[in-house]
Each structure stands twice: as C-alpha cells, then as structure tokens.
There are 2 protein chains.
Amino acid sequence: MQMLKSNHKDAYALILDAIDIGVYKPGDRLVESELADRFGVSRTPIREALQRLETQSLLTRDGRSLIVASLDHNQLAELYVVRTELEGLAARLAARHAAPEEIRVLREMVQEDRALLGDPGALARANRRFHKQIHLASHNRYLVQQLDLVHRSMALLATTSLAVDGRGELALEEHEAIVSAIEKADGEAAYQALKHHLSAAFETRLKSDATAAQAAE
Amino acid sequence: MQMLKSNHKDAYALILDAIDIGVYKPGDRLVESELADRFGVSRTPIREALQRLETQSLLTRDGRSLIVASLDHNQLAELYVVRTELEGLAARLAARHAAPEEIRVLREMVQEDRALLGDPGALARANRRFHKQIHLASHNRYLVQQLDLVHRSMALLATTSLAVDGRGELALEEHEAIVSAIEKADGEAAYQALKHHLSAAFETRLKSDATAAQAAE
DNA sequence: CCCCCCATGATTGCTGATAATTTTAAACAT
DNA sequence: ATGTTTAAAATTATCAGCAATCATGGGGGG
C-alpha cells in the first residue's frame, strides 16, 4: 500500500519554508526550543536541520547561536560572479548534451511563461523552473548540486528582480535567446546568452536596491 | 589563560580524518554506535557530524543508513568539469585581485615545493596549499567555499596523481606558469594555465586508474 | 551618577533511554 | 535446492532531562 503523502514535512523543509516565506528574516536568531514548539517536535530533529542549513550557509553562527545569514553588497556581488560562471557552464553543457525532449520542454516553458507576465511571484517560480531545467540538461550531477546550493542562498534575498517594471518581458526574451542557442547546439552562444541574462538581472537588482535604499533615508 | 589546544577534535573532523586516512573506504557503512564507541562520545554529536558530511556529499544514503560515497568514472568526470571551471575562475580573479603579498607567497610556494619532489604525500599537501592560496587570492568568499566543497569530495579518491612518475615535476612547472600569469595580472592566461594544469592531472589519473584496473584483472 | 561584579535565567551541547524501522537469519514449505 | 514467511537482532529516529555556557539585569562600590 502506498503511503499517503504526509503533510508533515521534515524539520529541514519546514525551517527552509519559514525562511522563504519570510517568517525569519536575515539577522533573526533561531532558537531551538522555539522552533521545536512551533513545529511540534523535540529539539533533536530541529538541531539537525539547523546544522544542515548552517553547512549550506543559510544560517551563520553568532557566538553560539544561529542566525539567518544575510548578504551584504559585497557578498551579493561575489555570489553573482560564481553563479554566472556556473550557470554559464550549465548552458554550455546543455547545448552539447541536452536530449531533444529536454530542449522541447525548455521551449514550451518560454511559451507558457508569457501567460504569467502580470504575476511576479508566479514568474519568479517559473524562472526557477526554467533555470533548473537547464541545469538538468547539462547532465552533470555535480553542477546541478552546486547550482542548487547557489539558488538556496538566493532565498535570502527578499525581492525578485522580476517584479521591476518591464523586467519580466526582457527576462523572457533572454530565456528565448538561451533556448535558441541550446537548440542550435551552440555552446558558446548559450554561455554568452546566459551570462547576459544574469548580468541584466543583477543590474536590475542593484538599481532597485539603490532606489529602495534612498527611499528609506 | 589560553586554553591548551585540545587533541580532542570534534566528531566531524574525526570522521573526516578517518575517511581521509582510509579507515572507512567508499561503500563502507558507517554505524553510529560504532563511531560513538570509537571516539568516546555519545551518538548525538556523531549523528550531527554524519549529517553534515551527508549534505557535503561525502556520505550518501543507502536505505536508512549512511555509507561513504564513491565516485564512479562518470561522477569523476563531472566533478572535474566543475572543478576546472571554478578553479579557472579563481585564477582569473586572482590575477585581477591578488595583493602583491599574496602573489609573493605563491611564488615562494613554487620554489619551496621543489624540495618535496621525492615525497608524493608531502607534495599532495603542498599542492592543496597552493591551490587554496589561489582560491583565497580570488577574494571571493563564495568561490572559496564552493572550491572547499569540491576539494572535500576529492578526499574520496584514494590516490593522488602526483605519485605517478614524473608528474610532480610537471605539476610544479604548471604551478610556475600559473603564478607567472597571475603576476602579470593576465587573467585569461591564468585561467588557461590552471585549466591546463587540471586537465593534465585528470589525464594522468585516468591513465594510472586504467593501469591499476588492468592489473586487478 | 556611572561602572563593575555577581547572580539568575535563558540557551545550547550532550547523554541515556525509548520507539520505530529495517536488516538478518532461521525455519518451513514447495 | 530455492523461495517465503516470521521472529529476532541490529540500527536509526526521536525524546525528555541534565550539564555547561552565555547573556541579562540588579545591586554595591567608586
């Protein structure tokens, strides 16, 4: 008999979700007993989940206790450099190794995501799916894993650049260019297109952060 | 008063060492109670260390229990692709961002490591130091972290390519070329030199593995 | 009035015990 | 001999409680 999919996820996923949703924001302290109460388990599984999150750099130590990691400007820039290189590599490999079916899935995604242009949240999820599909198409498990880590770190960023006016349209065009390059099996073009895509996204983020910072003064 | 450096490392380091030394080899099952006995602590810190090692892919699940991960031929190839790209990036960034002092340290390493040419073990450690120094010179903390992960995965490989006849000399020449490129602040040359270095190392490994496999028939 | 010291409470680290699950192996039937 | 069922052993997952450490705040002392 098939086990019903329990709605009782494990502590790791629960805490990750809580961070994603914004229950805990960068800088917040995570107290084991509090989390244990909130999720109705004892401290042991909480501790283990916290340590896993720590090794993935989503949490960081402040003295003896753990706080949600935050990305300052420098760290964000450093993350983007690494992300760009890894995603670029994934695109290059995808152009070389993707199965025809995988490419078709990518193309369909680009089509279907047009329907989401009004909804930044849905667009952000679609964007993640799209990139994940490229990672998988690289057929390099290590790369997929490293990129998972990178993306998990980006969960610390509250905003998505896709919410900025007009960025959604541009991003989809860039996706289209990436898929076209992969279709042509042109690794270098795919690499460049993905690099351009992330560069544009980073630039948008910096601009919107600058505006927000000014507004906060 | 300064605490004496305790010879009682934490469970994580102890298990990692045990894997490094070869007490536990890829495929071996790690039993919590056995490790707890061996290191004289209770199962809880062992469990936490095991989970950390699992998230770093040094251990993998086989059903409910953990075994030391192993790298088959494909996984090794995939790892090398990612490693090459990341180390190449580090070299390029180091050429751009390294402080003069950091470059001098690199140059000294190349000089001093000549003295170790007879001792593959010492050479392997020196090699790790050298690469780590380049990582740091990139001044990108994310990259340093990702590369740490990659190198930890390589701990699963029992042999070092530096033990192969003549490889030590070649490797040091390649190190020399890398440092020269960084000195000239020529990022592209540094990138290419590092790529070449790793490519040569990988090739050496494949050859020696092939020989060993034949001998085992 | 401000600063330092100590006591108190909060929080993490660890232990031993218990529950749940899986693996092992042994007896049995085919 | 081989496959299958069932019971026992081993192992992992979780829990509640204790010990150690750290932060906080409330008095003295200057």
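Each chain gets a letter, A, B and so on, in the order its sequence line appears, and its residues count up from 1. Treat the numbers as computed from the prediction; the structure is a model and nothing was measured.
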Surrounding CG of A:Asp72 (heavy atoms of other residues, nucleotides or ligands, distance under 6.0 Å), is the total greater than 12?
yes

Crowded around B:Arg125 CZ? As in, over 12 foreign heavy atoms under 6.0 Å?
no

What N/O pairs connect the protein and nucleotides 10-20 of chain C at under 3.5 Å? Give each pair on its own line.
from	atom 1	to	atom 2	distance (Å)
C:dT12	OP1	A:Leu30	O	3.4
C:dT12	OP2	A:Glu32	N	3.3
C:dG13	OP2	A:Arg47	NH1	2.9
C:dG13	OP2	A:Arg47	NH2	3.4
C:dG13	N7	A:Arg43	NH2	2.9
C:dG13	O6	A:Arg43	NH1	3.1
C:dT15	OP2	B:Ser42	N	2.7
C:dT15	OP2	B:Ser42	OG	2.7

Between B:Glu174 and B:Arg167, is there a side-chain N and carboxylate O pair less than 4.0 Å apart?
yes

What residues, two or more places apart in sequence or in another chain, satisfy salt bridge (charged side-chain N to carboxylate O under 4.0 Å, His left out) together with B:Asp37?
none

Mark yes when over 12 heavy atoms from residues, nucleotides or ligands other than A:Arg107 sit less than 6.0 Å from its CZ; otherwise mark no.
yes

